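Because the structure is a prediction, the values reported are computed rather than measured. Heavy-atom basis, side chains included; hydrogens, waters and symmetry copies ignored. Residue numbers start from 1 in every chain, and the chains themselves are labelled A, B, ... in the order their sequence lines are given, proteins ahead of strands.
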2 protein chains.
Amino acid sequence: MKKVERMSSETAREYALRAITENIKSADLEPGQAISENEISAFLGVSRTPVRESIQELHKAALIEIYPQRGSYVSLINSQYVEEAVFLRKILDIAVIEEACDMATPEDIKQLEENVALQEFYLEKDNTEKIFELDNEFHRMIYVTAKKETIHNMRQMIMIHFDRVRTLSMLTVKDKKIVGDHRLMLEAIKEKDKEKAKEIVEKHLNRYRLDQEELIKTFPQYFETA
Amino acid sequence: MKKVERMSSETAREYALRAITENIKSADLEPGQAISENEISAFLGVSRTPVRESIQELHKAALIEIYPQRGSYVSLINSQYVEEAVFLRKILDIAVIEEACDMATPEDIKQLEENVALQEFYLEKDNTEKIFELDNEFHRMIYVTAKKETIHNMRQMIMIHFDRVRTLSMLTVKDKKIVGDHRLMLEAIKEKDKEKAKEIVEKHLNRYRLDQEELIKTFPQYFETA
DNA sequence: AGATTTCAACTTGTATACAAGTTATTAAAT
DNA sequence: ATTTAATAACTTGTATACAAGTTGAAATCT
């Protein structure tokens, strides 16, 4: 488990949840690894209560398995969950960008425009980290434009299953292609062209297609045996 | 708050979550109502810990608002949430039944067939409660057939927002129409006819369309003022 | 009477003690 | 040496004590 700095603004519970979630995403808490409420609370410097509540929440999201009186474990990667995450992201992103085409106000478009311009700026500078942040923000803005913020929160939660597989696969997509896709999505929204928007989103998501078979061979101990 | 019987098989935490959730769905815990961890734990006969964990979970689902050191309240009905729930249900149900058309095995179809036959049986008997149970099970079976069980769990959570509005509106759809729709969905799956399946699902969901304007006039205190 | 202060009664947040059950080690018996 | 039994060290589940903050009523002062 890697150290995560506690921010002054957050409660013990928020800190614990964030720290554990990040460790699962990054696989510093490995799939299948045993975790102990006591150990984690000692490591984070908070009591068992906030740690326990965070673990319950991650259990609810199927990221931690709890065996009462026996122990808790980081969930093994379940191929079905990963596939459901990919499936869900696709149908949500398409449906939402179509809504965004109908609903985008000039103000929404201005903000999206600004975001993409920044992405293009940092592309020149080769600043992958900034692009990563702007990427997340860009997709969130589309959900907000379509008045689907709650659904976006849900999307985030289920995407953790995909994120940790992506971490293992070290899958990276060329920033240039990503930023280019975003520019095209913005254009489609401006033109209110749903069909075009849908096509680009599909193409965009296909860039993140990964070979699970390959990954299972490399990290067999991380995957649930069907 | 109405009494919910504790089952011998469930933990204190499971009992508390189920009891509070049911009370919110049925509006026995009214939107806007103040709730206290102490009061609820006394009423349910469990300690604050499991009650608190349940409240945290419902807070995460936007059904309870927590103001630290001040109090917690059943969330007012937020029209945007309700609309997001309706939106989500529609795109999910359509995408999933299309998948089910591709993936249904003879065994899946046999089970769906049995379920619908039972619905038709209880329709004759005028047993609305049984039909309600079978209805829920029918939709879950379609998700399972499409290997989308995780997504179904998520659907349940967000649908609570819609359920409690439906409770207030006393919206009831004639059992005969519901069962008829289910028979048609089953046929579409058997025929692997995605287009037909989609059309029926859309028609089916439209039966539950409700007039929020009307409801806001009747229960203004239950709704969040935009 | 009206404004101000004090304080008691609440709230949730966190820490901790104990309950109940599992597991692995150790010791004893065969 | 092997099996069995006892036990110590863990686990999560639950209850409770206390910390920190809010609120409103009662008491006090002007």
Side-chain angles (χ1 to χ4, degrees), chain A residues 1 3-21 23-24 29-76, chain B residues 1 3-21 23-24 29-76:
Chain A
M1 188 160 180
K3 185 75 189 167
V4 173
E5 214 60 45
R6 178 164 180 183
M7 303 192 301
S8 58
S9 62
E10 63 191 352
T11 64
R13 186 179 187 277
E14 289 165 342
Y15 169 55
L17 178 61
R18 189 169 61 84
I20 301 170
T21 303
N23 271 281
I24 290 180
L29 282 176
E30 301 178 29
Q33 181 177 341
I35 56 177
S36 150
E37 294 178 359
N38 277 321
E39 262 183 43
I40 293 181
S41 61
F43 181 79
L44 296 180
V46 300
S47 80
R48 256 188 73 204
T49 305
V51 169
R52 179 178 163 71
E53 289 176 352
S54 303
I55 288 179
Q56 291 288 343
E57 186 166 336
L58 290 165
H59 168 66
K60 187 78 185 175
L63 288 161
I64 287 177
E65 297 201 35
I66 300 174
Y67 302 95
Q69 274 78 43
R70 290 201 288 157
S72 299
Y73 301 82
V74 178
S75 295
L76 288 170
Chain B
M1 187 159 181
K3 186 75 189 163
V4 172
E5 214 59 46
R6 178 165 181 183
M7 302 191 302
S8 57
S9 63
E10 62 190 352
T11 64
R13 186 176 185 274
E14 290 166 340
Y15 169 54
L17 177 61
R18 189 169 61 85
I20 300 170
T21 303
N23 271 281
I24 290 180
L29 281 176
E30 301 178 30
Q33 181 177 340
I35 57 178
S36 149
E37 295 179 358
N38 277 321
E39 262 183 42
I40 292 181
S41 61
F43 181 79
L44 296 181
V46 299
S47 81
R48 254 188 76 205
T49 304
V51 169
R52 178 178 164 71
E53 290 177 352
S54 303
I55 287 179
Q56 292 288 344
E57 185 165 335
L58 290 165
H59 168 65
K60 187 77 186 177
L63 287 161
I64 287 178
E65 298 202 31
I66 301 175
Y67 301 94
Q69 274 78 40
R70 289 201 289 160
S72 300
Y73 301 84
V74 178
S75 294
L76 288 170

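When each of B:V74, B:I40, B:V4, B:I35 is paired with B:N23, the side-chain contact (heavy atoms from CB on, under 4.5 Å) condition holds for B:V4 and for no other.
Residue A:R13 places its side chain closer to C:dT14 than to any other of D:dT11, C:dT14, D:dT14. Ranking D:dT12, C:dT12, C:dT14 by closeness to the A:P50 side chain, first place goes to C:dT14. Distance from the side chain of B:T49 is smallest to D:dA15 among C:dG13, D:dA15, C:dA15. When each of C:dA15, D:dT14, C:dT12 is scored by its nearest atom to the side-chain atoms of A:V46, the top-ranked nucleotide is C:dA15. Listed nucleotides: D:dT14, C:dG13, D:dT22. Nearest to the side chain of B:A12: D:dT14. Which of C:dT22, C:dT11, D:dT12 sits closest to the side chain of A:P68 comes down to D:dT12.
One interatomic measurement links the two molecules: CD1 of B:I66 to P of D:dA20, which rounds to 20 Å at whole-angstrom precision. Per the geometry, CG belonging to B:L44 stands 14 Å off C1' belonging to D:dT14, to the nearest Å. As rounded to whole Å, 6 Å separates atom C1' of D:dT12 from atom CZ of A:R52. Rounded to whole Å, the distance from CG on A:L17 to C1' on C:dG13 is 16 Å. Rounded to an integer number of Å, the gap from A:R48 CZ to C:dA19 C1' is 11 Å. We find that CD1 of B:I64 is positioned 16 Å from C1' of C:dG13, with the value rounded to whole Å. Whole-Å rounding puts the A:Q33 CD to D:dT11 P distance at 13 Å. Residue B:N38 contributes atom CG, which lies 12 Å from atom P of D:dA17 at whole-angstrom precision.
Within 4.0 Å of B:S41, counting heavy atoms only, lies no atom of the nucleic acid at all. Contacts of A:E53 with the nucleic acid, taken as non-hydrogen atoms under 4.0 Å apart, are absent. Looking at heavy-atom distances under 4.0 Å, A:I55 makes no contact with the nucleic acid at all. Across all strands shown, B:Q56 has heavy atoms under 4.0 Å from sugar-phosphate atoms exclusively, and none from any base.
Between A:S72 and the phosphate of D:dT11, there is no side-chain N or O to OP1/OP2 separation shorter than 4.0 Å. Considering only side-chain N and O atoms, A:S47 lies nowhere under 4.0 angstrom from the phosphate OP1 or OP2 of C:dT14.
Between A:E39 and A:M1 there is no side-chain heavy-atom pair separated by less than 4.5 Å. Side chains of A:L58 and A:L17 form a contact here, defined as non-hydrogen atoms less than 4.5 Å apart. Residues B:E57 and B:R13 meet the side-chain proximity criterion, which asks for heavy atoms closer than 4.5 Å.
Along DNA chain C, the nucleotide closest to A:G45 and the one closest to A:R70 are compared, and the more 5′ of them pairs with A:G45.
For A:Y67 and A:Q69, the side-chain atoms include no donor-acceptor pair closer than 3.5 Å.
Considering all non-hydrogen atoms of both residues, A:A19 and A:L44 come closest at CB-CD2, 4.0 Å.
Residue side chain A:Q69 reaches the base of D:dT12 through a donor-acceptor N/O pair under 3.5 Å, judged by distance alone.
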